[in-house]
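Throughout, residue positions are numbered sequentially from 1 according to the sequence presented.
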Amino acid sequence: MRSLLVANRGEIAVRVLRAAAELKIRTIAIYTAEDRFALHRFKADESYQIGSGGNPLGDYLNIEAILDIGRRNRVDAVHPGYGFLSENPDFADACADAGITFIGPPSSVMRQLGNKIEARQLAERAGIPVMPASSALPNDLDQVTAIAERLGYPLMLKASWGGGGRGMRTVHGPDDLRSGFAAARREALSAFGNDQVYFEKLIERARHVEVQILGDQFGNLVHLYERDCSMQRRHQKVVERAPAPYLSDMERSRVCDSAVRLA
C-alpha cells in the first residue's frame, strides 16, 4: 500500500492520517466547504473538496464522489474511519469494483453485523441471549404504536444501521414515541443514508460492556478483551474503561468467548 484516501473528517481522520504518515504512506483527505479550515485537511499530503456546500454530512456519504477522487489520484486503499460510510456494505462493494482496497470488513460481514436487526438474528442462531425486539418498523405511526404496546414500555428506538447514538431515542410511553419516531428516522437517514429503525426492550441503568474482535482475511480471529462503556452522554460513549472492573475472571472469559463465537 503506497497511497491512502481517508473518507472521514476531524479527529478520526487525523489519527488515521498520523498512522499512515508513520508508515510512509501517501495520504489524501477529503473535506466539505464547511470543513475547509479543519485540521485533517492540512494533515494529509493532499486534500480535495467534496460537494459544493450546504450538506456537510451528506457529502461525506457520497460514495461516487469519494471514489472519483480516489480513482483520479490512483489511491491503493480507502480508510473509512468510523461513522459515515464505515459500516456501509455498498461502499465496500464499490471500492472493490473500483479496484481499491477497503480497509475494514468485507461487505458480507457488514450486511450481517452492520444491520443491528440482522446481527441480533445471527446472535440468536449462535445461541447468544438477546433482548426482546421488533423487526424493522413501518412508516405508519399507528402500526408502530401497536408494536410498541405489544413489546411493552420502556423501549429503545434504534437505527438499524450505524451507531454513535444517532437515530436513538428512549421511549417510555406513547408521548415519547409520537415526538421521537420521525426525528429518529430523519437523524438515521442523515447520518447513515438509511432511515430504518427498530425497537429493543430497554434495560434502565444497565452496564454497557463491549468486546473488540480483530480478524484478518485468512480467517484468524482474536478478542481484545472487554471494556466498560457505561459512562455516556446522549447515547454516545464519553469514557471507556478496560478491563471492566466489576467482572470476575469467569464472567470475563464467558463474555469474550461469546463474542468470538458470534464472530
For Gly152, does its backbone N or O pair with a side-chain atom of Lys201 as donor and acceptor, under 3.5 Å? yes

Quick one, Met156 and Met131 - any side-chain contact, counting heavy atoms below 4.5 Å? no

Mind checking whether Arg120 and Tyr198 have side chains closer than 4.5 Å, heavy atoms only? yes

Can you tell me if Asp35 uses its side chain to pair, donor with acceptor, with the backbone of Tyr31 under 3.5 Å? no

Short question: side chain of Asp216, backbone of Gly219 - any donor-acceptor pair under 3.5 Å? yes

4.5 Å side-chain heavy-atom contact, Ser134 and Leu151: yes

Testing the basics here: between Ile117 and Ser160, what is the closest heavy-atom pair and its distance to 0.1 Å? CD1-OG, 3.5 Å

Linking I/L/V/M/F/W/Y whenever any side-chain heavy atoms sit under 4.5 Å apart, do Val222 and Ile213 land together? no

Candidate pair Glu187 and Arg169, rule side-chain contact (heavy atoms from CB on, under 4.5 Å), full reasoning: CA-CA 11 Å; Glu187 191 173 286; Arg169 299 287 189 282; 3.5 Å; yes

Separation between CH2 (Trp161) and NZ (Lys116), nearest 0.5 Å, reads 10.0 Å

Tightest non-hydrogen contact, residues Ser190 and Leu61, listed as O-CD1, 3.3 Å

Got Leu137 and Leu157 here, is their nearest side-chain heavy-atom distance under 4.5 Å? yes

Do Leu189 and Val197 sit in the same hydrophobic cluster, where Ile, Leu, Val, Met, Phe, Trp and Tyr count as joined when their side-chain heavy atoms come under 4.5 Å apart? no

Does a sphere of radius 6.0 Å around CZ in Arg74 hold more than 12 heavy atoms from other residues, nucleotides or ligands, not counting ones at 6.0 Å or beyond? no

Are side-chain N/O atoms of Asp59 and Asn55 paired as donor and acceptor at under 3.5 Å? no

Identify the heavy atoms of Pro89 and Met110 that sit nearest to each other, and give their distance. CA-CE, 3.8 Å

Can a donor-acceptor pair be found, under 3.5 Å and without considering hydrogens, that links the side chain of Asp195 to the backbone of Ala188? no

If you group Ile, Leu, Val, Met, Phe, Trp and Tyr by side-chain heavy-atom gaps below 4.5 Å, do Ile69 and Phe91 land in one group? yes

So how far is it from Glu200 CD to Met168 CE, rounded to the nearest 0.5 Å? 8.5 Å

Going only through I, L, V, M, F, W and Y residues with side-chain contacts under 4.5 Å, is there a path from Phe192 to Phe181? no

Of the non-hydrogen atoms in Arg26 and Glu46, which two are nearest, and what is the gap between them? NE-OE2, 2.9 Å

Considering only NZ, NE, NH1 and NH2 on the basic side and carboxylate oxygens on the acidic side, decide whether Arg18 and Glu22 come within less than 4.0 Å. no

What I'd like to find out is whether the side chain of Tyr225 reaches to under 4.5 Å of the side chain of Leu247, using heavy atoms alone. no

Calculate, to the nearest 0.5 Å, the distance between atoms OG and CD1 belonging to Ser258 and Ile128 respectively. 5.0 Å

Heavy atoms from other residues, nucleotides or ligands near CG of Asp249 exceed 12 (cutoff 6.0 Å): no

Pick from Ile100, Asn73, Thr27, Val78: which one makes a side-chain contact (heavy atoms from CB on, under 4.5 Å) with Leu5? Val78

Should Ile147 and Val171 be counted in the same cluster of Ile, Leu, Val, Met, Phe, Trp and Tyr side chains packed under 4.5 Å apart? yes

I'd like to know whether NZ of Lys43 has more than 12 heavy-atom contacts from other residues, nucleotides or ligands below 6.0 angstrom. no

Beyond-backbone contact of Tyr153 with Leu177, side-chain heavy atoms, under 4.5 angstrom: yes

Go through it in stages, so that I can follow the logic: the residues are Tyr82 and Asn8, the test is side-chain contact (heavy atoms from CB on, under 4.5 Å), and I'd like the CA-CA distance, side-chain angles, deciding distance and then a yes or no. CA-CA 8 Å; Tyr82 59 86; Asn8 215 296; 5.6 Å; no

Would you find a donor on one side and an acceptor on the other, under 3.5 Å apart, between the side chain of Arg41 and the backbone of Arg36? yes

Straight-line distance of Ile28 CD1 to Leu17 CG, nearest 0.5 Å: 10.5 Å

Before giving the answer on side-chain contact (heavy atoms from CB on, under 4.5 Å), spell out for Asn139 and Arg185 the whole-Å C-alpha distance, their side-chain angles and the decisive distance to 0.1 Å. CA-CA 9 Å; Asn139 293 325; Arg185 296 193 75 139; 2.8 Å; yes

Do the side chains of Ile12 and Phe84 get nearer than 4.5 Å, heavy atoms only? no

Charged N-O contact under 4.0 Å between Arg254 and Glu226: no

Stepwise side-chain contact (heavy atoms from CB on, under 4.5 Å) test for Glu118 and Leu122: CA-CA 6 Å; Glu118 295 288 337; Leu122 180 61; over 6 Å; no

Closer than 3.5 angstrom, by distance alone: can the side chain of His40 be matched with the main-chain N or O of Gly10 as a donor-acceptor pair? yes

Distance col, row Cys256:SG vs Gln212:CD, nearest 0.5 angstrom, shows 11.0 Å

For Pro105 and Ala92 the tightest heavy-atom approach is O-CB, 4.4 Å

Backbone N/O of Ala244 and side chain of Arg252: donor-acceptor pair under 3.5 Å: yes

With a sphere of 6.0 Å drawn around CZ of Arg72, does it hold more than 12 non-hydrogen atoms of other residues, nucleotides or ligands? yes

Report the distance from atom CD1 of Ile66 to atom CD1 of Ile50, rounding to the nearest 0.5 Å. 4.5 Å

So, does Gln49 use its side chain to make a donor-acceptor pair with the main chain of Gly51 at under 3.5 Å? yes

Looking at every non-hydrogen atom in both residues, tell me the closest pair between Ala159 and Arg166 and how far apart they are. CB-O, 3.7 Å

Measuring only between side-chain heavy atoms, which start at C-beta, is Val16 closer than 4.5 Å to Leu4? yes

Would you mind checking if Glu210 and Arg227 are paired as a salt bridge, meaning a charged N to carboxylate O distance below 4.0 Å? yes

Is the shortest side-chain N to carboxylate O distance from Arg111 to Asp90 below 4.0 Å? yes

Within the distance-only criterion (no hydrogens, no angle test), does the side chain of Ser230 pair as donor or acceptor with the backbone N or O of His208 below 3.5 angstrom? yes

